[in-house]
Amino acid sequence: MAQKPGIPKGTRDFSPAEVAKRNYIFDTIKAEFQKFGFQPIETPSFENSDTLMGKYGEEGDRLIFRILNSGDFLQKSDKKALQAEDSLKLAPSISEKALRYDLTVPFARYVVQHQNEIDFPFKRYQIQPVWRADRPQKGRFREFYQCDADVVGSQSLWQEVEFVQLYDAVFSALKLEGVSIKVNNRKILSGFAEVIGESDKLIDFTVALDKLDKIGEEGVKKEMEEKGIAGKAIQKIEPVFNLKGDFKTKIESLKEILADSEIGKAGIKELEFMAHAIDELPLKTAKLELDVTLARGLNYYTGAIFEVAAPETVKVGSIGGGGRYDDLTGIFGLKNVSGVGISFGLDRIYLVLEELGLFPEAVTERTKILFINFGENEALYALKAIKKLRENNITAELFPDAAKMKKQMNYANKRNIPFVVLAGESEVQQESYTLKNMQSGEQEEVDFELILQRL
RNA sequence: GUGGUCGUAGCUCAGCUGGUUAGAGCGCUGGAUUGUGGUUCCAGAGGUCGCCGGUUCGAACCCGGUCUUCCACCCCA
């Protein structure tokens, strides 16, 4: 029986047109990565579970796709957990591998494992799919590509500056205007928690603060209360909710708020450094904004935090993110290696470009010229010309069957092929070609050299 | 993981409070037009109404489950 085929939730097939557009984005990003001196690496699509589990917080573990052991996996399973129907305890005994959840943790693993072959600072980029057992939504899939660039082995703040430039370079190359690069610093957030005396609740505090633009000031306060942050502390942090003005104005306000926090002041210094550098190295199309509520991303960020917002007219959430993590490789036993990196969300960038009509026309136009098939002799005659055209870097093809003219022309039409050659008996005899421009409808009898000229 | 939502031809969608042979537009195939497409005209093919079960004399329509889509939360690219 034929079964109705389908693909898993949150995955997609890509048509030729979609692949062409996706490649356009990949190629653009790749070209900029390379210009900035990043080198590509690749890592396996699945890792040992130990490498991934526990690296993304409690929520993260839930979203990791686990791979069931092969063979008689129940044989080696944790019988106690099985008996107790305790999935959480049972899982590690029947699953030793898991699909890659992001590119950063595998990269950290890579750095530790290859530390003796790597020349630091190491700048790598990586474009590969990742998998998350999430519930799909618009722009959220269970299989999607990440495009990451990271530097490890340098604490220099110039890297942060470079990444802002890199973001700007990529979005400029994609002709995407209205992008805003939001930055914050973990030290600022730590400073906030410190001055209100809630340092131990830093994560709850920042997660709540992050929702300011979504649930508003009252919503944030309510969530902070629910998480057990003192009313007085919340009052004290109120000025943060209403930071106004440009980058520098906000920094001046921060200086007052964080006057009593050493770590907070360190954060301010870093932000000022970046602001000053970007002043001197102005961005082409993107805007740099300070957003002190920005806390998203993984809890391992220690310094700068980046998030890129799509132009306001397109509602797809963030199209990129990143930050500084001082001790990422520490979890794999390599201490004191600082890293900083950014990520581009290919699928969301795709949605944005699509919605704004920013894909170049040429991206989908492929075959330039189609030869009509009139039969065996004529097909061979056509292929001789096609071979020469290809040597001249022109995409040319022959319709494979000597089908009806209408069918062949229609095929050219639908595939958007701009030129068609009709070469039948008489053309073969005269060693000529009837070249037809499909857009204008004009046609002329020409020799091979003229075809080259016309294309 | 929690709550909700959608699912009818390849695509976009009609289909009355359950009632016989489930429709349209676009697309597709063939013809008008045996070396000329995009326009027009004519004809035709194509549907287990997501899937499974239940209620009913009778289900695309009501009920339950399941899968998928989208949305909110969680989290995030």
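In what follows, chains carry the letters A, B, and so on, assigned in the order in which the sequence lines appear, proteins first and then strands, with residues in each chain numbered from 1.
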Roughly, in whole Å, what's the span from CG in A/D13 to P in B/U68? 15 Å
With respect to the side chain of A/M409, which nucleotide from B/U68, B/A77, B/U36 is positioned closest? B/U36
For the side chain of A/K414, counting heavy atoms from C-beta on, which of B/U29, B/U36, B/A77 is nearest? B/U29
Between B/A59 and B/C52, how far apart are the C1' atoms? Round to whole Å, please. 15 Å
Under a 3.5 Å threshold, yes or no: a donor from one side chain and an acceptor from the other, between A/E431 and A/Y381? no
How far does the P atom of B/U66 sit from the matching atom of B/G1, given to the nearest Å? 12 Å
Any donor-acceptor pair, under 3.5 Å, between the side chain of A/R140 and the base of B/C75, if you only look at N and O atoms? yes
Quantified in whole Å, what is the C1' atom distance between nucleotide B/U36 and nucleotide B/G46? 30 Å
Round to the nearest Å and state the distance from A/K227 atom NZ to B/C74 atom C1'. 10 Å
Please determine which of A/Y145, A/F163, A/F33 meets the ring-ring contact (aromatic ring centres under 6.0 Å, His included) test together with A/F344. A/F33
Spacing of the C1' atoms in B/G15 and B/G25 (rounded, Å): 15 Å
Would you check if A/F144 stacks with the base of B/A77, given a 5.5 Å centroid limit and a 30° plane limit, both strict? yes
Length of the CG-P vector between A/N437 and B/G37, whole Å: 16 Å
Inter-nucleotide C1' distance (B/G23, B/A9), Å rounded: 10 Å
Whole-Å distance separating the OH atom of A/Y411 from the P atom of B/G27: 20 Å
A/R62 side-chain proximity, nearest of B/G1, B/G38, B/A72: B/G1
Can you tell me how far P of B/A77 sits from CG of A/D347, to the nearest Å? 13 Å
Looking at A/V164 and A/I181, what are the two nearest heavy atoms and their distance? O-CD1, 3.8 Å
On the 0 to 90° scale, with breaks at 30° and 60°, tag the A/F399-A/Y411 ring pair as parallel, tilted or perpendicular. perpendicular
Picking from B/G37, B/U69, B/C73, the nucleotide nearest the side-chain atoms of A/K214 would be B/C73
Partner of B/A43 under the Watson-Crick or G-U wobble criteria, both distances under 3.5 Å, comes out as B/U29
Of the candidate nucleotides B/A77, B/C70, B/G35, which contains the atom at the shortest distance from the side chain of A/Q146? B/A77
Measure the distance from NZ on A/K138 to P on B/C75 and round it to the nearest whole Å. 23 Å
Think A/K211 has a side-chain N or O under 4.0 angstrom from the OP1 or OP2 of B/C74? yes
Expressed in whole Å, how much space separates the P atoms belonging to B/U12 and B/G54? 32 Å
base_contact_polar (B/G37 base, A/N410 side chain, donor-acceptor, <3.5 Å): no
Does A/K404 or A/R142 map to a spot on RNA chain B nearer the 5' end, using the closest nucleotide for each? A/K404
Roughly how far apart, to the nearest Å, are B/U68 and B/A32 at atom P? 48 Å
Does A/R135 get its side chain close enough to the base of B/U69, under 3.5 Å, for a donor-acceptor pair? no
Euclidean distance for C1', B/U8 against B/C13 (whole angstrom): 9 Å
Which one is paired to B/U48, where only Watson-Crick or G-U wobble pairs with both distances under 3.5 angstrom count? none
Looking at A/F14, does the NZ or CZ of A/R22 lie under 6.0 angstrom from its six-membered ring centre and within 45 degrees of the ring axis? yes
Would you mind reading off the distance between A/F141 atom CZ and B/U69 atom P, rounded to a whole angstrom? 10 Å
Would you mind telling me which of B/G38, B/C75, B/U68 lies closest to the side-chain atoms of A/N413? B/G38
Below 4.0 angstrom from OP1 or OP2 of B/U36, is there any side-chain N or O of A/K436? no
Counting distance alone, no hydrogens or angles: does the base of B/U36 have a donor or acceptor under 3.5 Å from a partner atom on the side chain of A/Q443? yes
Counting only distance, no hydrogens or angles, is the base of B/G35 paired donor-acceptor with the side chain of A/E427 under 3.5 Å? yes
Applying the 3.5 Å cut-off to both distances, the Watson-Crick or G-U partner of B/A24 turns out to be B/U12
Name the residue closer to the 5' end of RNA chain B, choosing between A/E223 and A/S343 according to the nucleotide with the nearest heavy atom. A/E223
So, does A/Q408 get its side chain near the phosphate of B/G37, meaning an N or O under 4.0 Å from OP1 or OP2? no
So, the side chain of A/N373 versus the backbone of A/P400: is there a donor-acceptor pair under 3.5 Å, distance only? yes
Nearest-Å distance, NZ (A/K406) to P (B/G38)? 6 Å
Quick check: A/F359 with A/Y350 (ring centres under 6.0 Å apart)? yes
Partner of A/N410 under side-chain contact (heavy atoms from CB on, under 4.5 Å), chosen from A/Q408, A/K414, A/K407: A/K414
Of the candidates B/C74, B/U69, B/G35, the side chain of A/T434 sits closest to B/G35
